[in-house]
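Here is how names work: the chains are called A, B, and so on, in the same order as the sequence lines, proteins then strands, and each is numbered from 1.
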Amino acid sequence: MDFENLLITDIRLALQVLFKQTLDYAAISLQKTRKEFEGDYTLVVFPFTSFSKMPPEKTAELIGQYLLANAPMVEKFNVIKGFLNLSLKQHLWSSFFKSAVSEPGFGFCPVDESLDAIVLEYSSPNTNKPLHLGHVRNNLLGSSLAKILHANGKPVVQVNLVNDRGIHICKSMLAWQTWGNGETPESAGLKGDHLVGKYYVLFDQYLKAEIEEMVAQGIDRESATKNASLMKKAQEILMKWEAHDPDTLALWRMMNQWVYTGFNDTYNRMGVSFDETFFESNTYLLGKEIIEEGLDKGVFFRKPDHSVWADLTSDGLDEKLLLRGDGTSVYMTQDLGTANQRYEKFSPSSMIYVVGNEQNYHFDVLRFLLKKLEKDWWEKIHHFSYGMVELPEGKMKSREGTVVDADDLLQEMYNVAKSTTEDLGKAGEAQSDELSKLYWTLALGALKFFILKVDPKKNMMFNPQESIDFNGNTGPFIQYTHARIKSLLSKATERNLDSNEELSIEYQFHSIELNLLRFTYDFPNTVKQAGNALSPAVIANYVYDLAKEYNHFYQEVSVLREEDASIRSFRLTLSSLVASIIKKSMSLLGVEVPERM
RNA sequence: GGCUCCAUAGUUCAAUGGAUAGAACAGAUGUUUCCUAAACAUCAAAUCCAAGUUCGAUUCUUGGUGGAGCUACCA
């Protein structure tokens, strides 16, 4: 049931008859009527005055008259300046309502497994420190995108590429060897990722101290950084690792295992999961063959020191290193390799990388390189570039301890959920495990909604004070609305107020009911729009507006106290539809909604 | 220096080129013998500057100003 398209068809006909003009669908600007005016849809007639040769009001009036006489959907119209406001016949809304209520999958498309999958990479953490707020945005965006794409009928493979090797990990290993005294997560009572992160920070502190000492002795800072003994030792470990030294590998495996256990806790708590996990230790050698291929094709070139480069200056970019003089690969080499591997393994319809906007340049280069190599699938690569998370104090820097740790943040949100609930006296007599589940639901709802409601492309400010707010434009506000509706529905059942009779909607809708109905009508389109724009924020803004409109309705009209059984039944069913849309929308954001709170 | 992105109430966020620029928080005020007041209602408050395109610009173009990111033989 697509009111807009049907209306546009009628409008095109009207323009043909009245003005002998045939316009494209896209040339007709039909929008939802703003709240303060009467009507369902508004036609902007300014563009038509060029051929109507009449003032906008007159043009709108003529079209309105024509539609009233010839378009069966149109009940009435009014004209304000160049805006033609059209009201639909109420039976259209009634029949939409009935079909929406009877369709459990309303708004969602079933996944079409015959389509090629979309490979969605996100999270992709380093294993030298715990997850922080930046990862949280990444993880939440990634898992929400997967759900939104699913709801649009697209098969998705969620992929995590864990960066489990490299100099940064060797730093943690060295520090643990040197100062750890055999400490383990169990003995320290720390999550594994936090323990490893602790040694990473420790390394940095000792390194800084060493460098300062060298500088004090008159060595310049640059060579001090390069020649510091700690740095050298870390590099030695990296070389041993690459030479498959058994002791080094054993240490590496043990510490990485600690980290994975810690990450899994955090992922589970956040409700994030993957279909496939790849490790860079298995993929970091990929890509060298592609470089050879590029050399053969003459699109890359070798410098006298044997390093391999691509010249992208004609594309407005720089020269880019692809292989070092000693033949070892760099980040880009690996990424070419993993992209190729991924393409061959999944033959995907597209490959989406959820990676921060600080890497825009990197992905531009990646696409250009693949294009130059005549890999015709370069166009399938999409960098989902999201903005950075800023704190009131400025940028987060893990080494300077100005990060917001993901686990700490979740715990903090939990504590706020608990104390707020207790302050409001709503804890009641529920079991403690039930309450604990509720607090997690609220804590995660608040955090996820706070982060996902912002346009992903934009940098966002994370103010801890505001993120724990449970009033206004927040997750708990929407969760509360859902709980309220559920309570209403169960009371109706208790008091035998819900009727099993077929819905009959013959009375004139209250304007608030009609507004609410219009919101529910928008749900399927909102899901599509969010899928096309790859934007959870579209869903978040929609569901907030819906919840707000429902609360308005709840305040203004009575449901259970309504005496007319058919009106009461309509309002209950409408409430139930709103609850199910809230639940579905929030599920796209990875947020659960409680039955009571 | 070069390239890219951003700029909207005090603050954090909205607005396919369309009507009087929406919300929330913070501020002021009001609503519970009545379906959950984690709610609702009222008031006050904003498009960085200057040109241009257009019937119409927060939105598009150009130039300023201010902020962020990138510009590694790190990953």
My understanding is that only residues two or more places apart in sequence, or in another chain, count here; which of them pass salt bridge (charged side-chain N to carboxylate O under 4.0 Å, His left out) with K457(A)? D455(A)

Please table the atom pairs, donor to acceptor, closer than 3.5 Å between any side-chain atom in residues 45-53 of chain A and protein atoms at least two apart or in another chain.
{"unit_1": "T49(A)", "atom_1": "OG1", "unit_2": "F46(A)", "atom_2": "O", "d": "2.8"}
{"unit_1": "S50(A)", "atom_1": "OG", "unit_2": "P47(A)", "atom_2": "O", "d": "3.4"}
{"unit_1": "S52(A)", "atom_1": "OG", "unit_2": "M54(A)", "atom_2": "N", "d": "3.3"}
{"unit_1": "S52(A)", "atom_1": "OG", "unit_2": "T59(A)", "atom_2": "OG1", "d": "2.9"}
{"unit_1": "K53(A)", "atom_1": "NZ", "unit_2": "S50(A)", "atom_2": "O", "d": "3.2"}

Once the angle between the rings of Y439(A) and Y414(A) is folded into 0 to 90°, is it parallel (under 30°), tilted (30 to 60°) or perpendicular (over 60°)? perpendicular

At less than 4.0 Å, is any side-chain N or O atom of K426(A) found next to OP1 or OP2 of rA38(B)? Yes or no. yes

In whole Å, I'd like the distance from the CD atom of E494(A) to the C1' atom of rU36(B). 13 Å

Could you tell me how the ring of Y542(A) sits relative to the ring of F519(A): parallel (under 30°), tilted (30 to 60°) or perpendicular (over 60°)? tilted

Looking at Y521(A) versus F3(A), is the centre-to-centre ring distance below 6.0 Å? yes

Check: Y284(A) ring centroid to W241(A) ring centroid under 6.0 Å: yes

Whether the S385(A) and N360(A) side chains hold a donor-acceptor pair (N or O, under 3.5 Å, no angle test) is what I'd like checked. yes

For rC3(B) versus rU62(B), give the span between their P atoms, rounded off to a whole number of Å. 13 Å

Donor-acceptor side-chain pairing of D469(A) and T474(A) below 3.5 angstrom: no

Using a cut-off of 4.0 Å on non-hydrogen atoms, how would the nucleic acid contact of P56(A) be classed: base, sugar-phosphate, or nothing? nothing

Would you say K81(A) reaches rU20(B)'s phosphate, i.e. side-chain N/O to OP1/OP2 under 4.0 Å? yes

N515(A) and H552(A): side chain donor to acceptor below 3.5 Å: no

N/O to N/O distances under 3.5 Å, protein versus nucleotides 12-16 of chain B:
{"unit_1": "rC13(B)", "atom_1": "OP1", "unit_2": "M461(A)", "atom_2": "N", "d": "2.6"}
{"unit_1": "rA14(B)", "atom_1": "OP1", "unit_2": "D455(A)", "atom_2": "N", "d": "2.7"}
{"unit_1": "rA14(B)", "atom_1": "OP2", "unit_2": "K458(A)", "atom_2": "NZ", "d": "3.3"}

How far does the P atom of rU42(B) sit from the matching atom of rU47(B), given to the nearest Å? 23 Å

Separation between OG1 of T441(A) and CE of M597(A), rounded to the nearest 0.5 Å: 10.0 Å

Heavy atoms only, 4.0 Å cut-off, all strands: where does T421(A) land among base, sugar-phosphate and nothing? base

Whole-Å gap separating P (rU71(B)) and CG (N357(A)): 12 Å

Would you check if the distance from the ring center of F553(A) to the ring center of Y550(A) is below 6.0 Å? yes

Contact class for T42(A) vs. all strands (heavy atom < 4.0 Å): base, sugar-phosphate, or nothing? base

Distance col, row I63(A):CD1 vs L86(A):CG, nearest 0.5 angstrom, shows 9.5 Å

5' precedence on RNA chain B between R561(A) and T474(A) (nearest-nucleotide basis): T474(A)

Intra- and interstrand pairs of RNA chain B - dot-bracket, Watson-Crick/G-U under 3.5 Å, | marks other strand: (((((((..((((....[...)))).(((((.......)))))....(((((..]....))))))))))))....

Please tell me if K35(A) has a side-chain N or O lying less than 4.0 Å from either OP1 or OP2 of rG22(B). no

Are side-chain N/O atoms of N85(A) and T42(A) paired as donor and acceptor at under 3.5 Å? yes

Taking atom P of rC34(B) as reference, at what distance in whole Å does atom CD of E562(A) sit? 19 Å

Pick base, sugar-phosphate or nothing for N532(A), based on heavy-atom distances below 4.0 Å to the nucleic acid. nothing

Most 5' of N360(A) and K32(A) on RNA chain B, judged by nearest nucleotide: N360(A)

Can you name the atoms? Protein N/O to nucleotides 40-43 of chain B N/O, anything below 3.5 Å, with the distance.
{"unit_1": "rC40(B)", "atom_1": "O4'", "unit_2": "Q555(A)", "atom_2": "OE1", "d": "3.4"}
{"unit_1": "rA41(B)", "atom_1": "OP1", "unit_2": "H552(A)", "atom_2": "ND1", "d": "3.2"}

Is rU11(B) syn or anti, taking syn as a glycosidic angle within 90° of 0? anti

So what does V365(A) hit on the nucleic acid, given a heavy-atom distance under 4.0 Å: a base, only sugar-phosphate, or nothing? nothing

Could you state the NZ-P distance from K320(A) to rC70(B), rounded to the nearest angstrom? 12 Å

Using the C1' atom as the reference point in each nucleotide, state the distance between rC34(B) and rA39(B) in Å, no decimals. 14 Å

Rounded to the nearest angstrom, tell me the gap between atom CD1 in I468(A) and atom P in rA38(B). 18 Å

Rounded to the nearest angstrom, tell me the gap between atom CG in D364(A) and atom P in rU71(B). 12 Å

With the stacking rule set at 5.5 Å and 30°, tell me whether F46(A) counts as stacking on rG56(B). no

Distance check: side-chain N/O of T49(A) vs OP1/OP2 of rC55(B), anything under 4.0 Å? no

For the C1' atoms, the ones on rG67(B) and on rU20(B), what distance do you get once it is rounded to whole angstrom? 32 Å

Please measure how far the P atom in rG63(B) lies from the corresponding atom in rA44(B), and state the result in whole Å. 40 Å

Nearest-angstrom distance from the residue atom CD of E390(A) to C1' of rC5(B): 12 Å

Spacing of K288(A) atom NZ and L336(A) atom CG [to the nearest 0.5 Å]: 13.5 Å

Can you tell me, in whole Å, how much space there is between the C1' of rC25(B) and that of rA9(B)? 12 Å

Calculate, to the nearest 0.5 Å, the distance between atoms OH and CG belonging to Y361(A) and L317(A) respectively. 5.0 Å

Looking at every non-hydrogen atom in both residues, tell me the closest pair between V196(A) and M255(A) and how far apart they are. CG2-O, 3.8 Å

Under-3.5 Å N/O pairs linking protein and nucleotides 73-75 of chain B:
{"unit_1": "rC73(B)", "atom_1": "O3'", "unit_2": "R324(A)", "atom_2": "NE", "d": "3.4"}
{"unit_1": "rC73(B)", "atom_1": "N4", "unit_2": "D305(A)", "atom_2": "OD2", "d": "2.1"}
{"unit_1": "rC74(B)", "atom_1": "OP2", "unit_2": "R324(A)", "atom_2": "NE", "d": "3.1"}
{"unit_1": "rC74(B)", "atom_1": "OP2", "unit_2": "R324(A)", "atom_2": "NH2", "d": "2.8"}
{"unit_1": "rA75(B)", "atom_1": "OP1", "unit_2": "R324(A)", "atom_2": "NH2", "d": "2.9"}
{"unit_1": "rA75(B)", "atom_1": "OP2", "unit_2": "R324(A)", "atom_2": "NH2", "d": "3.4"}
{"unit_1": "rA75(B)", "atom_1": "O3'", "unit_2": "E280(A)", "atom_2": "OE1", "d": "3.0"}
{"unit_1": "rA75(B)", "atom_1": "O2'", "unit_2": "N163(A)", "atom_2": "ND2", "d": "2.2"}

Under 4.0 Å between any heavy atoms, over every strand shown, what does Y554(A) touch: base, sugar-phosphate, or nothing? Just pick one. base

Roughly how far, to the nearest 0.5 Å, is OG1 of T127(A) from CD of E280(A)? 9.5 Å

Provide the distance between the two C1' atoms, one in rC48(B) and one in rU58(B), to the nearest whole Å. 12 Å

Between rG18(B) and rU59(B), how far apart are the two P atoms, rounded to whole Å? 11 Å

Starting from C1' on rC34(B), measure out to CD on E563(A) and report it in whole angstrom. 13 Å

